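What follows is a single structure, written as C-alpha cells, with notes after it.
To find a chain, count down the sequence lines: A is the first, B the second, and so on, and within it residues start at 1. The model shown is predicted, which means the values in this text are computed figures rather than measured ones. Because only heavy atoms are used, hydrogens play no part in the values below, and waters and symmetry mates are left out as well, while side chains stay in.
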Protein chains: 2
Amino acid sequence: MSQTIRILIADDHPVIREGLSAMLSRVPGFEVAGEARDGKEAMDMALRLKPDIVLMDLRMPGMDGVEAMRMIHLQCETIRFIILTVYDNDEYIFEGIRAGASAYLLKDVSRETLIQAIREVYSGQSLLHPQITRKLLDHVSGGAGKEQNSLLTERELEILQMMASGASNKEIARGLSISSHTVKTHVSNIYQKLEVSDRAEAVAKALREGILRG
Amino acid sequence: MSQTIRILIADDHPVIREGLSAMLSRVPGFEVAGEARDGKEAMDMALRLKPDIVLMDLRMPGMDGVEAMRMIHLQCETIRFIILTVYDNDEYIFEGIRAGASAYLLKDVSRETLIQAIREVYSGQSLLHPQITRKLLDHVSGGAGKEQNSLLTERELEILQMMASGASNKEIARGLSISSHTVKTHVSNIYQKLEVSDRAEAVAKALREGILRG
DNA sequence: CACAGGATCAGCCAAATGGGGGATACCCAT
DNA sequence: ATGGGTATCCCCCATTTGGCTGATCCTGTG
C-alpha cells in the first residue's frame with residue numbers, strides 16, 4: 001500500500017502535461033514516470049517505463065489515446081488507464097472504456113478527485129466521472145431496444161467533413177469519384193446514426209461532440 | 001527585476017488551473033496569488049489581490065475572459081493580461097487584444113515559453129503565439145480592402161442557432177413569429193457575412209470560430 | 001459457408017433551399 | 001434630413017435535398 005505509484009502522463013498540451021506533472025509529483029506516494037506528447041510516444045514510454053497508471057488524453061495528434069491504450073494493453077496487461085479529457089461525448093466514452101480504461105474523468109475534476117481516482121485505480125477499482133456515469137446509464141437503459149453507439153465509418157466521416165466545408169452532394173461525389181446517389185445514401189446513414197435530419201444539424205452535432213475536428 | 005511576480009490564474013478547468021498553479025509556484029520569482037474559476041471570480045480576485053499578471057482563459061461559464069479583462073482594466077490599469085487558451089479563432093483574438101491583453105498564447109506552448117512570456121509581459125512587453133501572429137498579419141493585410149470582423153446581428157445569431165438545431169426556414173419562421181421570407185433574407189445575409197454558401201458550412205464556421213456556443 | 005456490415009449504384013418525388021430581383025419601416029448618427 | 005444598418009415582407013425559379021425502396025459487390029467473422 002505504501003508503495004510509490006508511478007504515473008505516465010500523456011497529453012498533447014504542454015501546459016496541461018507539465019501542470020499535471022508538477023501537481024502530481026508533489027503528492028506523497030506519487031511519482032511521475034514520464035510525459036508523452038502523443039499516442040505513439042505514450043505507447044513507447046508505457047512499454048519501456050512500465051508505469052502503474054497512464055493518465056491519458058483522448059484527442060492527440062497522430063495515434064490517439066484509444067488506439068494507444070489498445071496497443072499498450074495488448075503487450076502489458078498490468079498497466080491501468082485513466083482517461084482525463086475534456087470530451088464527454090458518447091463515442092469517446094464507450095471506445096475508451098472498451099479499450100480498457102479503468103476510469104474516465106473530465107478535466108473539470110478537482111485536484112483531490114484526481115488524486116483519489118489515481119489511488120483507487122491503483123488499488124484495482126474503476127470509476128467514472130459523475131456526468132459520464134449518467135451517460136452510461138442513460139445509454140444502457142435507453143440503448144437496449146435501440147442501436148448505435150457505433151461510430152461513423154471512415155467514408156461517412158469523410159463525407160461529413162466535406163459537408164461541413166459547404167460541399168453539395170454533387171461536389172462530394174465528384175471529389176470522391178463516386179456517384180451522387182451513393183453520397184446521398186451515405187448522408188442518409190449519417191443522419192440516422194447522428195439522429196438528425198439535415199446537414200446543418202449533422203455538422204453541428206458532429207462538431208459539438210468532437211466527431212469532427214473543430 | 002528580482003521582485004516577485006504575482007500571478008492570478010483564471011480557468012474553469014480545475015486540473016488546468018491547479019496544474020498551472022503547481023507549475024508556476026515552483027518557479028523562482030513567481031507567486032500564484034490566487035485561482036479563479038470564472039470571469040466573475042477573476043474580476044473580484046484581481047481587484048482584491050492586485051496581481052501583476054492575470055493568466056486568463058477565454059471561454060468560461062458566466063462572465064467570459066474578455067468581459068472580465070474589460071472590467072478589471074477599467075478599475076486597475078496596472079494589471080496585465082496573458083490570454084492562455086485553446087481557441088485560435090479570429091473573433092477571440094481581436095476581442096482579446098482589444099480588451100487589453102498583453103499576450104495571446106495557445107495552450108500548446110511549452111512550459112519554458114509560458115514562463116518566459118510571463119517575465120516579458122511583466123517587464124512591459126507584449127507577445128503573441130506564432131500562429132496568432134500570422135493570423136494578425138493575414139488579417140491586417142487581407143482585411144484592408146475587405147470588411148467584416150463585424151459580428152452577426154442578434155437576429156442573425158438567433159437564426160443561425162436554430163439552423164444548427166436542424167430547424168428549417170419555415171420552422172424558424174414559426175418559432176420567431178415572422179414570415180419565412182424574412183428568414184430567408186436573414187439566412188442569406190448570414191451567408192454573406194460568414195462567406196459561406198449553405199447552412200452546413202455556416203454552422204460549421206460559426207461553431208469553429210466560437211460565434212455559436214459549442 | 002452463411003450472414004452482417006460497409007460501399008457502391010438507381011429511380012421517384014415532395015419539400016426545402018438559395019439566388020435573383022425589389023420594397024417598406026424604424027432607428028441612429030452624421 | 002439624408003443615409004446606413006437592421007428587420008421585415010414579397011415574387012420567381014432552378015437546384016438541392018432528404019425520404020423511400022431496392023439492388024450488387026466485397027470483406028471479415030462466427
Side-chain angles (χ1 to χ4, degrees), chain A residues 67 70 74 90-91 94-95 98 143-206 211-212, chain B residues 91 143 145-206 211-212:
Chain A
E67 189 61 21
R70 287 213 188 90
L74 280 178
D90 298 14
E91 316 284 359
F94 298 112
E95 279 237 68
R98 263 200 300 269
K146 298 240 165 184
E147 25 53 78
Q148 84 250 43
N149 86 340
S150 57
L151 272 292
L152 298 181
T153 65
E154 276 309 305
R155 202 51 156 177
E156 286 162 355
L157 273 179
E158 207 173 356
I159 289 175
L160 185 53
Q161 191 151 346
M162 296 179 79
M163 286 198 286
S165 319
S168 70
N169 291 343
K170 200 182 293 180
E171 288 167 336
I172 294 172
R174 265 202 302 275
L176 299 180
S177 300
I178 57 180
S179 93
S180 54
H181 292 288
T182 306
V183 176
K184 282 185 66 172
T185 306
H186 285 309
V187 170
S188 288
N189 292 335
I190 292 171
Y191 293 161
Q192 280 202 323
K193 293 191 183 177
L194 296 185
E195 298 178 317
V196 299
S197 55
D198 70 47
R199 34 186 69 211
E201 197 182 359
V203 164
K205 187 153 192 172
I211 297 172
L212 232 51
Chain B
E91 315 285 358
K146 296 242 165 182
E147 24 56 75
Q148 89 251 32
N149 85 343
S150 59
L151 272 293
L152 300 180
T153 65
E154 277 309 306
R155 202 49 156 177
E156 286 161 354
L157 273 178
E158 208 172 357
I159 288 175
L160 184 53
Q161 191 151 346
M162 296 179 79
M163 286 198 284
S165 320
S168 70
N169 290 343
K170 200 182 292 180
E171 288 167 336
I172 295 173
R174 265 202 303 273
L176 299 180
S177 300
I178 57 180
S179 93
S180 54
H181 295 287
T182 307
V183 175
K184 281 187 64 173
T185 307
H186 286 308
V187 170
S188 288
N189 292 335
I190 292 171
Y191 293 162
Q192 282 200 324
K193 292 193 184 177
L194 295 185
E195 298 179 318
V196 299
S197 55
D198 70 46
R199 32 186 69 209
E201 196 183 359
V203 165
K205 186 153 193 172
I211 298 172
L212 232 51

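The closest donor-acceptor contact from the side chain of A/Glu171 to the backbone of A/Ser168 lies under 3.5 Å. At distances below 3.5 Å, at least one donor-acceptor pair connects side-chain atoms of B/Tyr191 with backbone N or O atoms of B/Arg199. A donor-acceptor pair under 3.5 Å is absent between the side-chain atoms of A/Gln192 and the main chain of A/Asn189, judged by distance alone.
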Let me see the working for B/Leu176 and B/Arg155 under side chain to side chain contact (heavy atoms under 4.5 Å, CB included), right down to the final yes or no. CA-CA 10 Å; B/Leu176 299 180; B/Arg155 202 49 156 177; 4.0 Å; yes
List the steps and the verdict of side chain to side chain contact (heavy atoms under 4.5 Å, CB included) for B/Lys205 and B/Glu195. CA-CA 9 Å; B/Lys205 186 153 193 172; B/Glu195 298 179 318; 4.3 Å; yes
So B/Glu158 and B/Gln161, side chain to side chain contact (heavy atoms under 4.5 Å, CB included) or not? Walk me through it. CA-CA 5 Å; B/Glu158 208 172 357; B/Gln161 191 151 346; 5.9 Å; no
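In this structure, a donor-acceptor pair under 3.5 Å is absent between the side chains of B/Arg174 and B/Asn169.
Residue pairs meeting the side chain to side chain donor-acceptor pair (under 3.5 Å) criterion with at least one member in residues 176-185 of chain A, sequence neighbours excluded, are A/Ser179-A/Thr182.
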Distances under 3.5 Å between protein N/O atoms and the N/O atoms of nucleotides 24-30 of chain D, please, pair by pair.
none

With 3.5 Å as the limit, what N/O pairs link the protein to nucleotides 24-30 of chain C?
none

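Here the nucleotide nearest the side chain of A/Ile178, chosen from D/dC10, C/dC9, D/dT6, is C/dC9.
In this structure, CD1 of B/Ile172 is placed 14 Å from C1' of C/dG18, rounded to the nearest angstrom. Between the P atom of C/dG6 and the CD atom of A/Glu158 lies a distance of 16 Å, rounded to the nearest Å. Distance CD1 (B/Ile190) to C1' (D/dG5): 16 Å, rounded to an integer number of Å. If you measure from atom CG of A/Leu152 to atom C1' of C/dA7, you get 15 Å, rounded to the nearest angstrom. For the pair B/Glu201 CD and C/dT17 C1', the computed distance is 15 Å after rounding to whole Å. Straight-line distance from the CD atom of B/Glu154 to the C1' atom of D/dG5: 15 Å, rounded to whole Å.
In terms of heavy atoms, A/Ala164 sits closest to B/Ala204 at O-CB, 3.3 Å. In terms of heavy atoms, B/Ala200 sits closest to A/Val203 at O-CG1, 3.7 Å.
Within the model, atoms CE of B/Met163 and CG of B/Leu212 stand 8.5 Å from one another, a figure rounded to the nearest 0.5 Å. Rounded to the nearest 0.5 Å, atoms CG (A/Leu194) and CD1 (A/Ile211) are 5.0 Å apart. Rounded to the nearest 0.5 angstrom, B/Ile159 CD1 and B/Leu152 CG are separated by 10.5 Å.
At C/dC9, one or more side-chain N or O atoms of A/Ser179 fall inside 4.0 Å of OP1 or OP2 (strictly under the cut-off). OP1 or OP2 of D/dT6 has not a single side-chain nitrogen or oxygen of B/Thr153 nearer than 4.0 Å. The phosphate of C/dT8 (OP1 or OP2) has a side-chain N or O of A/His186 nearer than 4.0 angstrom.
Taken over five-pair windows at either terminus, the axes of the helix from C/dC1-D/dG30 to C/dT30-D/dA1 are inclined to one another by 50° (rounded to 10 degrees).
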Protein-proximity profile, nucleotides 14-22 of chain D, B/S/- by nucleotide at the 4.0 Å heavy-atom cutoff, equals --SSBB---
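Mapping A/His181 and A/Asn189 onto DNA chain C by nearest heavy atom places A/Asn189 closer to the 5' end of the strand.
Looking at residues two or more places apart in sequence or on another chain, you find no side chain to side chain donor-acceptor pair (under 3.5 Å) involving A/Asp198.
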